[in-house]
Each structure stands twice: as structure tokens, then as C-alpha cells.
**Q** 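Sharing a structure, written as C-alpha cells. Questions coming.
Source: prediction; values computed, not measured. Position 1 is the first residue of the sequence, and the numbers go up from there. All ligand and atom numbering here is 1-based and tracks the order in the structure.
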Amino acid sequence: MPPPMPRASAGHPVAGGGGAAYQRALMSSSLPRSAATPDGVHPFPHRHLLGIAGLHAWEISFLLDEAEQWVALNRTPTKHDDRLAGLTQINAFFENSTRTLLSFEIAGKRLGADVVNMGVAQSSVKKGETLIDTAVTLNAMRSDVIVIRHDASGAVGLIADKVDCPVLNAGDGRHEHPTQALLDALTIRRRKGKIAGLTVAICGDVLHSRVARSNIIALGTMGAQVRVVAPPTLMPPAIDRMSVEPFTDFEKGIAGADVVMMLRLQRERMAGGFVPSEREYHAFHGLTPEKLAHAAPDALVMHPGPMNRGVEITSSVADDPQRSAITEQVEMGVAVRMACLDVLTRSRRGVEGWA
Ligand code: ASP
Ligand code: ASP
């Protein structure tokens with residue numbers, strides 16, 4: 001994605017979110033507000049959200065700030081807002097997912113959209129339909145926003161080019177998973193009060209991970225020092241081109257880290273031979289209380305889920321409420337997805353300042 005072009009005509013930032021819950025969330029929060037959007041620049045001038053690459057820090061901050069109102073709303077008994085009423089949201093998932101699909105479905109429903117899920121099993125993709133045909137079909141149904149997951153890197157961008165409505169990437173191959181990186185950034189910002197200046201160690205199967213890629217870009221853009229920690233076979237060969245510090249020794253890699261983000265060992269993306277055995281992987285690269293002692297004393301433990309307990313992380317660490325932010329990540333996921341669905345559909349809804 002090319003870097004966004006400032007749109008001078010769009011005027012000053014218009015939060016557009018409004019709402020009492022939002023105002024309360026802003027006023028009650030002592031967390032730092034977003035880096036100011038430069039004067040005359042639209043707060044989020046993108047039609048789609050295909051990745052984190054190409055986003056400015058203030059655009060990421062804007063989405064995180066927008067998500068705060070939804071964290072507040074989701075903690076009330078009614079949890080409902082009608083701003084997407086009458087809009088159709090299609091969740092087209094060409095790769096298995098339970099958590100992300102559920103999260104996008106809940107997010108759309110809480111905003112009042114008509115949400116339709118299209119899973120791999122029902123889709124004509126199994127019957128040989130090409131990706132372009134699928135895109136044309138989705139477009140003909142006049143959806144207002146499409147959320148896509150696909151096992152091929154770049155497939156979501158290809159579909160986005162062929163449809164008239166905003167497209168949200170819910171994970172494409174090894175490429176990007178932007179809402180995961182946003183929810184991780186929100187979790188870190190709420191727990192630590194900031195992102196800039198923190199040392200974040202992203203550990204495990206970096207090679208196969210779109211979560212790692214999106215997080216490396218997002219956290220780096222927000223000013224964190226990012227390390228990646230992986231055995232040599234799971235370290236991407238081009239890692240030097242991303243601004244991270246690579247480590248193959250786990251304990252050295254997490255030494256003094258403020259955040260230890262574990263990744264799932266992606267067995268479905270391995271043809272074999274990447275790790276000698278899960279036992280050995282756990283011994284050297286699994287997060288245990290003993291290994292966590294090398295990180296900063298108040299280090300936050302994260303995992304995007306689903307977890308392989310006893311492989312990349314032991315249960316006692318994953319379930320420790322003092323250290324682990326794993327369930328909070330799931331909670332932030334719904335709020336971040338509500339923010340993205342709201343912001344990306346503002347132009348279609350004719351929200352002032354977004355037309
Ligand atoms: N990778 C999948 C997801 O994020 C895992 C799952 O569905 O449980 O949704
Ligand atoms: N749920 C994340 C994803 O879809 C992480 C994972 O599956 O390991 O990429």
C-alpha cells in the first residue's frame with residue numbers, strides 16, 4: 001500500500017464518533033491521546049484496511065482512540081449502537097477461523113449492521129470459482145463492507161481492487177493481519193500507558209506469521225523497539241530489512257523486554273522439518289515462568305490465539321492474571337474491529353467531513 005496522501009480538502013480532523021460513552025471514555029482516561037493529526041490532513045483517508053504497512057503513526061493512533069469508545073460501550077449492559085443500521089457486512093472467510101470471525105460478527109452486530117458470514121464450506125471457491133469471480137459476486141450483492149480472510153498472501157488486496165465497498169483484511173496468508181496488530185497496540189497502550197520507547201519481543205514462528213509482520217510494522221511505527229526471537233529455521237530470511245533486532249537465543253531475546261508476545265507454532269503452514277519436535281521447541285522457545293524471569297519484572301505476556309499450550313507457552317504463564325493480557329486482547333479485538341467498521345463506512349454513510 002502506498003503511503004497515504006494528505007487530502008487538503010478534507011479539512012480538520014472530525015472525530016465523527018461522538019456519543020456520551022465516547023466522551024466519558026475520553027474524559028475518564030488518563031491515557032495519552034493520539035499523536036495529533038497534522039493540520040489539513042484527513043484522520044484516515046484510506047478506502048480499505050489491507051495492512052498496517054503504509055499507515056502513519058497518527059492514523060494508527062486515531063483508530064486506537066476511536067476504539068476506546070467501543071471498549072467503554074462493550075462494558076455496558078446494552079452494548080449497542082445503530083450507526084451501521086441498514087448496512088450489509090459480508091464476512092468472507094476462505095480460511096478457517098473461529099475467533100476472528102466471531103469477533104468481526106459481534107463487532108458488526110453491535111453497530112447495527114446486517115452481518116452475513118460466508119464460510120469456505122458453502123462457497124463456490126470449492127467448485128473452482130476464481131477469486132475474481134468471487135469478488136464480482138460479492139460486489140453484485142451490494143455489500144457495504146466486506147471482511148476477508150484468505151490463505152493466500154495478497155488475495156484480499158486483489159478482491160479489494162474489484163469491489164465498490166471498503167474491504168477489511170482479516171488475515172491473508174503470511175502477509176498481514178492489521179486488526180490483530182491494532183488490538184495488540186491498544187492492549188499495550190492501555191496496560192503500559194504508552195507504546196513509544198517500550199521494548200517488545202515477538203517470539204516464535206515469525207516465519208509463518210502475519211501477526212508478527214503486522215505487529216513489527218505497527219509497533220515500530222508507534223516508536224517501540226521491536227525484537228524478533230525465533231529458532232534459525234523460523235526466522236524470515238529478509239528480517240534484516242525490517243527495523244527489528246533478531247535473536248535466536250530465547251533468553252537473550254526477551255532479556256529486559258517490557259512485552260513478550262508469543263506466536264502460535266503454525267503447523268498447518270509447515271511441510272515438516274522446521275522444528276525437530278514440539279518437546280524440543282518447548283524446551284528452547286516455549287515461555288515458562290523461569291524464562292519469563294529474564295524479561296522486565298512487570299513484563300506483559302501476549303498471544304494472538306489460538307494457543308498451543310505446552311508448546312509455545314505454558315498454562316501457568318498464559319493464565320496468570322498479573323502477567324498475561326491474553327483475554328484482554330480478545331476484548332480489545334471487538335472494540336478495534338468496531339472502530340475500523342465505523343471509520344471505513346463513514347464516507348458511504350455521509351458522515352460530515354468524510355464524504
Ligand atoms: N487463526 C485463527 C483466527 O485468528 C484461529 C482461530 O480461528 O481460532 O481466527
Ligand atoms: N489468529 C492469528 C492468525 O489468524 C494467529 C494464529 O492463527 O496463530 O494469524
**Q** Of all heavy-atom pairs between D164 and R47, which one has the smallest distance, and what is that distance?
**A** O-NH1, 3.0 Å
**Q** How about H177 and R149: does a side-chain donor come under 3.5 Å of a side-chain acceptor?
**A** yes
**Q** Kindly indicate whether the side chain of E68, heavy atoms from C-beta on, has any atom under 4.5 Å from the side chain of L186.
**A** yes
**Q** If you measure from atom 8 (O) of ligand 2 to every heavy atom of R269, R264, H208, R149, which option wins on shortest distance?
**A** R264
**Q** Non-hydrogen atoms of G305 versus ligand 2: any pair closer than 4.0 Å?
**A** yes
**Q** Name the residue from L49, I52, L341, L63 that meets the side-chain contact (heavy atoms from CB on, under 4.5 Å) definition with T179.
**A** L49
**Q** Taking side-chain contact (heavy atoms from CB on, under 4.5 Å) as the criterion, tell me which of V145, N117, T100, L102 meets it with N91.
**A** N117
**Q** Side chain, backbone, both or neither: which part of Q180 has a heavy atom under 4.0 Å from ligand 2?
**A** neither
**Q** Under 3.5 Å between any N/O of T100 and any N/O of ligand 2: does that happen in this structure?
**A** no
**Q** Can a non-hydrogen atom of R99 be found less than 4.0 Å from any atom of ligand 2?
**A** no
**Q** Using a plain distance cutoff, I'd like to know if V211 has any nitrogen or oxygen under 3.5 Å from a nitrogen or oxygen of ligand 2.
**A** no
